[in-house]
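What follows is a set of notes on a single structure, which appears directly below.
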Amino acid sequence: MFSEVKFPVPWGHVAAKAWGPPEGHPVLCLHGWLDNANTFDRLIPLLPRDCRYVAMDFSGHGLSSHRPAGSPYHFLDYVSDVRRVAAALRWRRFTLMGHSMGGSVAGMFAFIYPEMVDKLILLENLGFLLAPEDTEAWLKSKRLAIDRLLSLEAKQQAPKARSPEAALQRLLEANRHLTAEGGAILLQRGATETPTGLVYNRDMRVRTQNREYLTVEQCVKLLQKIKDRVLIILAQDGLLVPHKLESRNQFVKSLREAFEHTLKEDVQLVEVPGSHFVHLNEPEVVSGIISNFLTAQNTRARL
């Protein structure tokens with residue numbers, strides 16, 4: 001069983017779901033881009049029951065308030081959401097578990113507030129947003145983010161209503177790694193029923209988010225700030241297939257070397273069968289690994 005929670009913020013509230021005893025070891029769970037807290041619905045019931053799990057909706061996602069008119073969605077805004085929720089919960093030290101974009105947010109939070117994180121769990125993510133190797137590509141991404149935001153504001157289109165079947169189909173078309181069951185779970189929190197059909201809850205401006213890209217040198221320096229143990233779970237058919245990482249680009253190769261050199265025994269990398277949403281589609285594949293990591297006093301596994 002879970003309970004719904006709301007944390008007040010200046011522009012409204014951040015919504016969340018909570019499982020487990022309030023006095024249990026705190027674990028804050030962060031979903032991926034355009035997803036919501038329901039992404040952990042099938043995983044958390046399989047994890048240790050003596051922990052207190054809080055899965056939050058980032059601003060503009062799920063049941064959380066959208067940011068004020070005229071405000072873009074910067075990557076660091078999501079990191080700020082985490083800090084606000086931690087303050088509201090009065091959590092001084094906790095475990096962070098993030099999927100996809102949520103893993104990048106968790107990683108950045110751990111770098112900025114290393115004293116607050118005791119363990120870091122990254123699902124289908126390496127904790128960083130990869131920087132475009134070409135300067136012109138970087139500039140283009142920044143220009144595109146601004147232009148898309150202004151275009152959305154100029155159109156001021158009302159959210160499109162869809163039948164439940166069409167809403168699910170659209171979600172599955174955009175997320176080829178999702179099963180129909182997983183998509184339906186996300187849709188329960190990701191859409192609202194109206195007289196004309198289902199309307200997605202997410203703020204369309206989320207698509208224009210301004211990301212915080214990092215260079216290899218910056219990543220290596222940031223890794224030295226991590227004081228916690230790290231578990232990285234990558235799916236064989238996901239977005240970051242381990243045996244293909246080194247051939248993907250020099251950035252990822254250097255990043256893996258930095259993880260091994262800097263964190264040594266305190267980082268564990270596990271490859272599992274499944275897709276990008278393995279934690280939702282087949283949670284039993286990863287639940288045992290995560291449970292062992294949560295309960296272990298001293299993780300000793302080499303990347």
Side-chain angles (χ1 to χ4, degrees), residues 6-16 30-39 56-85 88 98-105 108-109 112 128-132 134-164 166-175 178 183 186-214:
K6 286 186 178 181
F7 306 101
V9 292
W11 60 90
H13 68 267
V14 169
L30 312 178
H31 64 76
W33 185 55
L34 298 179
D35 299 332
N36 56 67
N38 276 16
T39 194
M56 56 181 282
D57 293 326
F58 287 123
S59 296
H61 295 73
L63 301 181
S64 287
S65 299
H66 296 184
R67 292 193 175 274
S71 299
Y73 283 80
H74 291 284
F75 176 75
L76 283 178
D77 291 334
Y78 298 131
V79 181
S80 297
D81 286 347
V82 174
R83 187 64 185 88
R84 291 177 186 275
V85 169
H99 170 248
S100 195
M101 183 194 81
S104 296
V105 175
M108 184 60 73
F109 185 91
I112 297 174
F128 297 93
L129 288 173
L130 308 184
D134 179 65
T135 301
E136 290 301 317
W138 178 85
L139 285 173
K140 183 178 180 180
S141 71
K142 297 299 183 182
R143 176 170 178 158
L144 191 60
I146 295 173
D147 289 347
R148 283 179 173 174
L149 175 64
L150 297 181
S151 176
L152 278 175
E153 291 177 345
K155 292 178 181 178
Q156 293 186 334
Q157 292 180 334
K160 183 177 180 180
R162 295 177 169 88
S163 68
L168 177 58
Q169 183 61 33
R170 176 69 186 87
L171 185 62
L172 296 179
E173 289 173 355
N175 297 274
L178 267 178
L186 289 179
L187 203 58
Q188 290 172 4
R189 194 176 185 86
T192 297
E193 187 173 353
T194 71
T196 56
L198 288 183
V199 173
Y200 292 136
N201 292 337
R202 62 194 181 209
D203 189 340
M204 288 301 294
R205 291 176 297 167
V206 167
R207 292 180 175 273
T208 70
Q209 67 165 315
N210 200 334
R211 301 183 177 184
E212 289 289 327
Y213 293 115
L214 299 171

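For the single chain, residues carry numbers from 1 onward in sequence order. Keep in mind the model is a prediction, meaning the values are calculated, not measured.
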Q: Looking only at non-hydrogen atoms, find the nearest pair between Gly32 and Ser100 and report the distance.
A: CA-CB, 4.2 Å

Q: Could you please spell out the steps behind the side chain to side chain contact (heavy atoms under 4.5 Å, CB included) verdict for Val199 and Glu193?
A: CA-CA 6 Å; Val199 173; Glu193 187 173 353; over 6 Å; no

**Q.** Interatomic distance, Arg202 atom CZ to Phe58 atom CZ [nearest 0.5 angstrom]
**A.** 15.5 Å

Q | Nearest-0.5 Å distance, CG of residue Asn36 to NE2 of residue His61 | A | 9.0 Å

Q.
My understanding is that only residues two or more places apart in sequence, or in another chain, count here; which of them pass side chain to side chain donor-acceptor pair (under 3.5 Å) with Thr39?
A. His279

Q) Say you draw a straight line from OH of Tyr200 to CG of Leu187; how long is it, rounded to the nearest 0.5 Å? A) 6.0 Å

Q: Answer whether the closest heavy-atom distance between the side chains of Tyr78 and Met101 falls below 4.5 Å.
A: yes

**Q.** Contacts of type ring-ring contact (aromatic ring centres under 6.0 Å, His included), residue Tyr73, not counting sequence neighbours
**A.** none

Q.
Does anything in residues 151-164 form a salt bridge (Lys or Arg N to Asp or Glu O under 4.0 Å)? List the pairs, not counting sequence neighbours.
A. none

Q) What pairs with Glu173 under side chain to side chain donor-acceptor pair (under 3.5 Å), at least two apart in sequence or on another chain? A) Gln169

Q: Give the minimum heavy-atom separation between Gly70 and Pro72, together with the two atoms involved.
A: O-CD, 3.5 Å

Q) Step by step, would you call Leu186 with His31 a side chain to side chain contact (heavy atoms under 4.5 Å, CB included)? A) CA-CA 11 Å; Leu186 289 179; His31 64 76; over 6 Å; no

Q.
Asp35: which residues meet the salt bridge (charged side-chain N to carboxylate O under 4.0 Å, His left out) condition with it, sequence neighbours left out?
A. none

Q) CG/Leu152 to CE/Met204 distance, rounded to the nearest 0.5 angstrom? A) 6.0 Å

Side-chain donor-acceptor distances from residues 142-151 under 3.5 Å, at least two apart:
{"unit_1": "Lys142", "atom_1": "NZ", "unit_2": "Asn210", "atom_2": "OD1", "d": "2.7"}
{"unit_1": "Lys142", "atom_1": "NZ", "unit_2": "Arg211", "atom_2": "O", "d": "2.8"}

**Q.** 4.5 Å side-chain heavy-atom contact, Ile112 and Val79
**A.** yes

Q) What distance do Ser65 atom OG and Phe7 atom CZ have between them, rounded to the nearest 0.5 Å? A) 13.0 Å

Q) Quick one: OG on Ser71 to CG on Asp203, what's the gap to the nearest 0.5 Å? A) 10.0 Å

(Q) Between Asp77 and Arg84 (salt bridge meaning N to carboxylate O under 4.0 Å), is one present in this structure? (A) no

Q | Note, Leu198 side chain near Thr192 side chain (heavy atom, < 4.5 Å) | A | no

Q) Do Arg189 and Asp57 pass the side chain to side chain contact (heavy atoms under 4.5 Å, CB included) test, and can you show the C-alpha distance, the side-chain angles, and the key distance before you say yes or no? A) CA-CA 10 Å; Arg189 194 176 185 86; Asp57 293 326; 2.7 Å; yes

